[in-house]
Amino acid sequence: MQLVSKLFLISFFFQALFASAQQPIQSNASKQNNHTIIEELNSNSVGQGNVMVYQDEAIKGILAKPAPVERPVFSSADGTTQYVKMRGYKIQVFSGNDQRKSRDEAHYKQKLINDAFEDIETVVYFNSPRWILRAGNFRTREEANVVLRQIMSQFPNFGKEMYIISDNVKIPL
């Protein structure tokens with residue numbers, strides 16, 4: 001009796017293993033057909049119900065195409081540079097809440113960075129109760145990290161308080 005139950009368990013295990021091994025092959029075969037979702041729904045499958053979707057011919061050309069992201073284009077104050085605004089990364093160079101010293105320190109560090117790195121935009125602003133200096137407009141964190149290392153090597157005394165943050169950035173066209 002025990003032998004029969006062991007054989008039954010072993011055969012059940014191999015059947016389950018065989019069935020699970022067949023599953024990815026079937027899904028890969030269906031992916032290779034390059035059918036649209038409507039064609040997949042309209043196809044007949046054994047053991048499944050039938051679905052029929054009717055659609056206008058104009059929809060076929062639109063279906064499954066990614067929608068382009070429309071971003072407004074802005075111009076710089078002098079009109080020489082066009083850019084788009086998007087989420088990206090900046091380097092926070094300074095943040096201080098001493099009302100008497102922090103504003104001057106932020107502007108001093110901004111001048112130093114602007115003199116050393118002319119192509120990096122810097123912005124000083126007040127977000128109560130802190131004065132903040134941020135530098136750069138980067139699409140990716142990796143781009144920001146490269147410039148962060150350059151600024152740290154140029155100004156090692158700024159290094160401990162600088163870090164990368166996610167912010168709205170201006171990306172030139």
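Residue indices begin at 1 and follow the sequence shown. Every heavy atom of this structure was used, including side-chain atoms; hydrogens, water molecules and symmetry mates were not.
Sequence neighbours left out, the pairs with a member in residues 92-108 that pass salt bridge (Lys or Arg N to Asp or Glu O under 4.0 Å) are Glu105-Lys109. For residues 76-95, every residue pair satisfying the side chain to side chain donor-acceptor pair (under 3.5 Å) rule, not counting sequence neighbours, is listed here: Ser76-Asp78, Asp78-Thr80, Arg87-Ser166, Arg87-Asn168, Gln92-Arg134, Gln92-Tyr163, Ser95-Arg130. The stretch residues 110-123 participates, sequence neighbours left out, in these salt bridge (Lys or Arg N to Asp or Glu O under 4.0 Å) pairs: Lys111-Asp115, Glu121-Lys170. Here ring-ring contact (aromatic ring centres under 6.0 Å, His included) pairs that include residues 119-147, with residues two or more places apart or in two chains, are Phe126-Trp131.
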Would you give me the side-chain donor-acceptor pairs under 3.5 Å for residues 143-156, sequence neighbours excluded?
{"residue": "Glu143", "atom": "OE1", "partner": "Arg139", "partner atom": "N", "Å": "3.2"}
{"residue": "Ser153", "atom": "OG", "partner": "Arg149", "partner atom": "O", "Å": "3.4"}
{"residue": "Ser153", "atom": "OG", "partner": "Gln150", "partner atom": "O", "Å": "2.8"}

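Contact of the Leu112 side chain with the Phe158 side chain is registered, since non-hydrogen atoms from C-beta on lie closer than 4.5 Å.
Note: the hydrophobic cluster containing Phe94 also contains Phe117 (ILVMFWY, side chain heavy atoms under 4.5 Å, direct or indirect links). If you chain together hydrophobic residues whose side chains sit under 4.5 Å apart, Ile132 and Ile113 never meet in one group. Linking ILVMFWY side-chain heavy atoms closer than 4.5 Å, directly or via other members, places Ile165 and Val93 in two distinct hydrophobic clusters.
Here the closest heavy-atom approach between residue Gly96 and residue Ser102 is recorded as C-OG, 3.2 Å.
The other members of the hydrophobic cluster of Ile171, by chain and number, are Val73, Val84, Met86, Val169, Leu173 (side-chain heavy atoms under 4.5 Å, ILVMFWY only).
Among residues two or more places apart in sequence or in another chain, the side-chain hydrogen bond (donor to acceptor under 3.5 Å, both in side chains) test is passed with Thr122 by Gln110, Asn114.
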